[in-house]
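Naming convention: chains lettered A, B, ... in sequence-line order (proteins, then strands); numbering from 1 in each chain. Note: hydrogens, waters and symmetry copies are ignored here, and every other heavy atom, side chains too, is used.
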There are 2 protein chains.
Amino acid sequence: MKEIEVPDIVVSRLPLYLRTLEFLAMEGREITSSAELAERLGLNPAQIRKDLSYFGSFGQQGRGYSVKGLIEALRQILNLEREWEVALVGVGDLGRALVHYQGFKDKGFRLALLFDNNPQKIGMKIGGLEIMDSALIPKLIPERGIKIAIIAVPPQEAQKVADVLVSAGVEAILNYAPVNLKVPPHVKVHYIDPVVGLRHMTYYLPRPQQ
Amino acid sequence: MKEIEVPDIVVSRLPLYLRTLEFLAMEGREITSSAELAERLGLNPAQIRKDLSYFGSFGQQGRGYSVKGLIEALRQILNLEREWEVALVGVGDLGRALVHYQGFKDKGFRLALLFDNNPQKIGMKIGGLEIMDSALIPKLIPERGIKIAIIAVPPQEAQKVADVLVSAGVEAILNYAPVNLKVPPHVKVHYIDPVVGLRHMTYYLPRPQQ
DNA sequence: TAGATTGTTAATCGATTAACAATC
DNA sequence: TAGATTGTTAATCGATTAACAATC
């Protein structure tokens, strides 16, 4: 039996389904439907059912989906049944904000290592973690078996940092630097650049008349 | 002559082209090609040429594109020929990081209004801007004609804030709260949720064997 | 049983890309 | 002129969604 390759665009929607389900669970809901999820996410119900069908059958005809059950299933599918330790490189304003961010907790991630190359910052403690010298990345990341890193350094440094992280064994990078990274094919990169989002939206804003 | 509707997926790539071109310009490059842009962005050269062709002809056969010329063209297409004033709601850790973020400057955006509903924070100055009471959104945003807002408040407050912003005339929202917002069709929302990005990538990370 | 909603097929729709004439 | 790269067409590829049988 040949394994069907799941399209990445399908995988990319699963975290949104999971987030919506976790929200419903918090509200105390026990059952939901593809129609309700679609309504909340602005998607088509058939798309949600199709997406889920790549992985199995999780609902009950005539009833819908158990919120708890589908959360469990998506956690398993997304490889979230363990807690992932994450390394953060660059403890500037954004880095500090990420250290204090409460949203990682209980979502499957924990910041475990902080790096910076500024001697002023190295040794400082923040959020209970000591800021380590970036030069120690090749030592500490393999030691801890860390696979996920967040890059929050200035754009000029981002590629160099990425290279070091990848040689240290990192396979997933959340990149806040406004730069496209070159990485080997086995490494995933997710980009967060507010300016890209803003510039996308200005296209639709009113233009000066004539 | 019927106007051809440009697909949103095409528009969404233009800011990436622009970012890459601005980077090339900084490096002093004068000419580039669809092949080079594609290489840097991990895309297909034909796709870039096709995307641009929705808006006109910006290159020269046999030579490529003038970096400066294409930057100009994309700025015009993306409605970036003015500077946009942006309101920020929620001056927590993330909000503060955004206030200090240098990446908005010279990219077409300037934080112009800060709001928070915490009496401790109202009246404080940060980055040269006074934090205003969120209750003043309906007064100050229309006064300044602001069309773009960034939401950086806790998830429970995000929908309420979005509603107020939209009634105040905002038409583009950059939402850092991990919540899907319900807004009228003329309002664009761009979502930034690091957990969604991380959870997408964990799908591809090594799983516990058996 | 009647009503509801899933899971899945097949049709539709839309995006990507190969190929090449145009042309600098 | 020869070489290079655009702009654009048309083919391919892939994603979305309508429709409905299955079934709870």
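- The CG atom of N44(A) sits 15 Å away from the P atom of dG7(C) (whole-angstrom rounding).
- Side-chain contact between F104(B) and L98(B) is present, with heavy atoms from C-beta onward closer than 4.5 Å.
- Contact annotation: R49(A) reaches the phosphate of dT6(C) (side-chain N/O to OP1 or OP2, under 4.0 Å).
- Between S134(B) and V161(B), every side-chain heavy-atom pair lies at or beyond the 4.5 Å cut-off.
- The interatomic distance linking L52(B) (CG) with dT5(D) (P) rounds to 16 Å, in whole Å.
- Under 4.0 angstrom from either OP1 or OP2 of dT6(D) there lies at least one side-chain N or O belonging to S34(B).
- Among the heavy atoms of the strands lying under 4.0 Å from P7(B) are primed sugar atoms or P, OP1, OP2 only; no base atom is included.
- In this structure, L113(B) and E85(B) have side chains that are not in contact, with every pair of non-hydrogen atoms separated by 4.5 Å or more.
- Side chain of Q61(B), nearest nucleotide from dA15(C), dT5(D), dT6(C): dT5(D).
- Take the nearest nucleotide of DNA chain D for G56(B) and for L43(A): the residue whose nucleotide is more 5' is G56(B).
- Here dA18(D) is the nucleotide among dA18(D), dT16(C), dG7(D) with the atom lying nearest to any side-chain atom of A46(A).
- Listed candidates were dT16(C), dA15(D), dA18(D). Nearest to the side chain of K50(B) is dT16(C).
- R63(B) has its CZ atom 22 Å from the P atom of dA22(C), to the nearest Å.
- At a threshold of 4.0 Å, the pair R96(B)-D93(A) does not count as salt-bridged, since none of the basic side-chain nitrogens sits closer than that to a carboxylate oxygen.
- The distance from atom CZ of F55(B) to atom C1' of dT8(D) is 16 Å, rounded to the nearest whole Å.
- Atom-to-atom, CG of D51(B) to P of dA15(C) comes out at 10 Å; the value is rounded to the nearest Å.
- In this structure, CZ of F58(A) is placed 12 Å from C1' of dG7(C), rounded to the nearest angstrom.
- The overall bend of the helix from dG3(C)-dC24(D) to dC24(C)-dG3(D), read as the angle between its terminal helix axes built from five base pairs each, is 20° when rounded to 10 degrees.
- The local environment of CD in E30(B) is sparse, with at most 12 non-hydrogen atoms from other residues, nucleotides or ligands closer than 6.0 Å.
- With a 4.5 Å cut-off on side-chain heavy atoms, L111(A) and I150(A) count as touching.
- At dT16(C), one or more side-chain N or O atoms of Q47(B) fall inside 4.0 Å of OP1 or OP2 (strictly under the cut-off).
- Residue Y65(A) places at least one side-chain N or O under 4.0 Å from the OP1 or OP2 atom of dG7(C).
- Counting heavy atoms from C-beta outward, P178(B) and F23(A) have side chains that stay 4.5 Å or more apart.
- As rounded to whole Å, 16 Å separates atom C1' of dT8(C) from atom CD1 of I48(A).
- Rounded to whole angstrom, the span from the CD1 atom of I9(B) across to the P atom of dG14(D) amounts to 15 Å.
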